[in-house]
Amino acid sequence: MNHPEIFIAVVIVLQLFTYGLGRSLQWLFAPLLGRRGRIRLMVLAFFVSDGLLAGLLLQLGHFVFRVMAFWMVLLLFVMYAALATFLLHLLLRRLMPQAHLARALRLFAPLAVAALFAWGLYNAYTPVVRHQSIVIGKKLDRPLRIAMAADTHLGILVGSRQLDRLAAIMAQEKPDIILLPGDLMDDNVQAYRRENMRPHLARLRAPLGVYATLGNHDLFGDEKAIYEELEKAGIRVLANRVIEKDGLLIAGRNDDMDKKRPSTEKLLAGHDTTRPVILLDHRPTQIEEHSRLPVDIQVSGHVHNGQVAPANLIVRTLYRLHYGYEKIGNGHFFVTSGYGFWGIPLRLGSQAEVWIIDVSGSPPA
């Protein structure tokens, strides 16, 4: 483990939440179980948690990871429901007979967990469109409309239907250019090819083109195939490259898993940066450095706005800009929560989204 302290913290939280699940199940089924039944429920909860943890440590495959991710979210949602149930008990214990209240709360608790899953599923598969207008300090011949969607994670859980919806959003918003800053595939192209997603991805079209860069999930060993599939779908992949298009400089960097990628300063060297500069950089880890360069607009993803709360509060402490839009120096920086999701189709405290950025130009002050 590169960060043993993080691993230890995760294990501790897992054990505490598993105990909470066991206690919640003991309470929920108390009218039906004796002492042995309650003990078995607790043992079963720890057997599943620690068994999945062992599977991860033994690297038994991606399926085990997805099951573990689902289990962790289940534990979290049970804790949310338990907290809500406890608060309701405090509010209603003097207003209702105890027997009636106990039956009502035993009905409420599993419904609360189910509602959280339904809400999370809705947020994962129902994208919203966010608009932002900006003015850059360089001349534009005409206003520019940018559409940005990162982290599609095309695979077994995000496929042709979601691509068609994304294409419909783009057709409705009519952007001049479409930017896809990384994690387009979910590790490989197996599901992409099996479901023949290329015609659906190829529906993304814009007058100035569609551009992508490679994120960390595009660099897990299948990057050559991913690059080729994107190019075949009409998407220009800017893998540590800069192009000039209609008076714009469009730069793309691979994720920092690519240890050979040049710095943004070196990437832009030799190009006319008096032109508007648009940068696709998957991880928003170097925003402050880029704010001191002639970068006018940067689009990033990766963070997913934590995907499932309270992770959104955690990532807030890790990045200068973990989500949304901020003007820093002369640059305008955007970090999206992503169009797809990581691991499991659940979002809480975040939602699938597309950004539409309307850009106007002005001479430098």
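Nothing fancy with the numbering, it's 1 onward along the sequence. From a predicted model like this one, the values you see are computed outputs, not experimental measurements.
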Test: Arg347 and Asp151 ion pair at under 4.0 Å | no
Tyr125-Phe341 aromatic ring centre distance below 6.0 Å = yes
Quick one: are Gln351 and Tyr122 in side-chain contact, heavy atoms under 4.5 Å?
-> yes
Regarding Arg253 and Gln298, is there a side-chain donor-to-acceptor distance under 3.5 Å anywhere?
-> no
Is there a side-chain contact between Leu166 and Leu201, using heavy atoms and a 4.5 Å cut-off?
-> no
Any chance you could lay out the side chain to side chain contact (heavy atoms under 4.5 Å, CB included) test for Ile357 and Val359, step after step, and finish with the verdict?
-> CA-CA 6 Å; Ile357 308 165; Val359 188; 3.9 Å; yes
Can you establish whether the number of heavy atoms outside Asp222 located under 6.0 Å from its atom CG is more than 12?
-> yes
Is the backbone N or O of Glu288 less than 3.5 Å from a side-chain atom of Ser291, with the two atoms forming a donor-acceptor pair by type?
-> yes
Give a yes-or-no answer on whether the side chains of His290 and Thr264 include a donor-acceptor pair shorter than 3.5 Å.
-> yes
Keeping the roles fixed (side chain from Thr126, backbone from Asn123), state whether a donor-acceptor pair exists under 3.5 Å.
-> no
Sidechain-backbone polar pair: Gln172 side chain, Ile169 backbone, donor-acceptor under 3.5 Å = no
Expected output: side-chain Gln132 to main-chain Trp355 donor-acceptor under 3.5 Å | no
Between Asp183 and Arg283, is there a side-chain N and carboxylate O pair less than 4.0 Å apart?
-> no
Would you give the length of the straight line joining atom CG of Asp218 to atom CG of Asn254, rounded to the nearest 0.5 angstrom?
-> 9.0 Å
Between Glu228 and Ile226, is there a donor-acceptor pair closer than 3.5 Å when you use the side chain of the first and the backbone of the second?
-> no
Compute the centroid of each ring, for Tyr325 and then for Phe333, and state whether the two points are separated by less than 6.0 Å.
-> no
Does atom CD of Gln15 have more than 12 heavy-atom neighbours from other groups under 6.0 Å away?
-> yes
Measure from the side-chain N and O atoms of Arg320 to the backbone N and O of Ile287, and report whether any donor-acceptor pair falls under 3.5 Å.
-> no
Side chains of Ile250 and Arg241: closer than 4.5 Å at any heavy-atom pair?
-> no
Is there a donor-acceptor pair under 3.5 Å between the side chain of Ser350 and the backbone N or O of Gln307?
-> yes
Quick one: do Val277 and Phe334 end up in the same hydrophobic cluster if we chain Ile, Leu, Val, Met, Phe, Trp and Tyr together by side-chain heavy atoms under 4.5 Å apart?
-> no
Taking everything shown except Phe220 itself, do over 12 heavy atoms lie less than 6.0 Å from its CZ?
-> yes
Enclosure of Arg161 CZ (heavy-atom neighbours >12, cutoff 6.0 Å) | no
Taking Thr18 for the side chain and Ala45 for the main chain, is one N or O donor matched with an acceptor at less than 3.5 Å?
-> no
Are side-chain N/O atoms of Asp258 and Asn240 paired as donor and acceptor at under 3.5 Å?
-> yes
How about Asn216 and His282: does a side-chain donor come under 3.5 Å of a side-chain acceptor?
-> yes
Got a donor-acceptor contact below 3.5 angstrom from the Arg106 side chain to the Trp27 backbone?
-> yes
Carefully, step by step, assess Lys327 and Asp296 under the rule salt bridge (Lys or Arg N to Asp or Glu O under 4.0 Å).
-> CA-CA 10 Å; Lys327 185 177 186 296; Asp296 298 286; over 6 Å; no
Would Asp272 and Arg275 pass as an ion pair if we require N to O under 4.0 Å?
-> yes
Centroid separation Phe117 to Phe70 less than 6.0 Å = yes
Does Tyr192 reach the main-chain N or O of Ile156 with its side chain, forming a donor-acceptor pair under 3.5 Å?
-> no
Using distance alone, with no hydrogens and no angle criterion, decide if Arg23 and Gln26 have a side-chain donor and acceptor under 3.5 Å apart.
-> yes
Shared hydrophobic cluster, Ile177 / Ile134 (ILVMFWY, side-chain heavy atoms < 4.5 Å) = yes
In the single-linkage hydrophobic clustering (I, L, V, M, F, W, Y; side-chain heavy atoms under 4.5 Å), do Ile297 and Leu280 co-cluster?
-> yes
Between the side chains of Glu353 and Thr336, does any donor sit under 3.5 Å from an acceptor?
-> yes
With the side chain counted from C-beta on, respond yes when Val129 and Glu173 share a heavy-atom pair under 4.5 Å apart, and no when they do not.
-> yes
Hphob cluster co-occupancy, Leu249 + Leu140, side-chain heavy atoms under 4.5 angstrom = no
Any side-chain heavy atom of Asp255 sitting closer than 4.5 Å to one from Leu214?
-> no
Verify the neighbour count for atom CD of Glu326: are there more than 12 heavy atoms of other residues, nucleotides or ligands below 6.0 Å?
-> yes
Pair Trp342-His217, side-chain donor/acceptor within less than 3.5 Å = yes
Answer yes if the side chains of Arg203 and His200 hold a donor-acceptor pair under 3.5 Å, and no otherwise.
-> no
With ring centroids as reference points, do Phe17 and Trp71 lie under 6.0 angstrom apart?
-> no
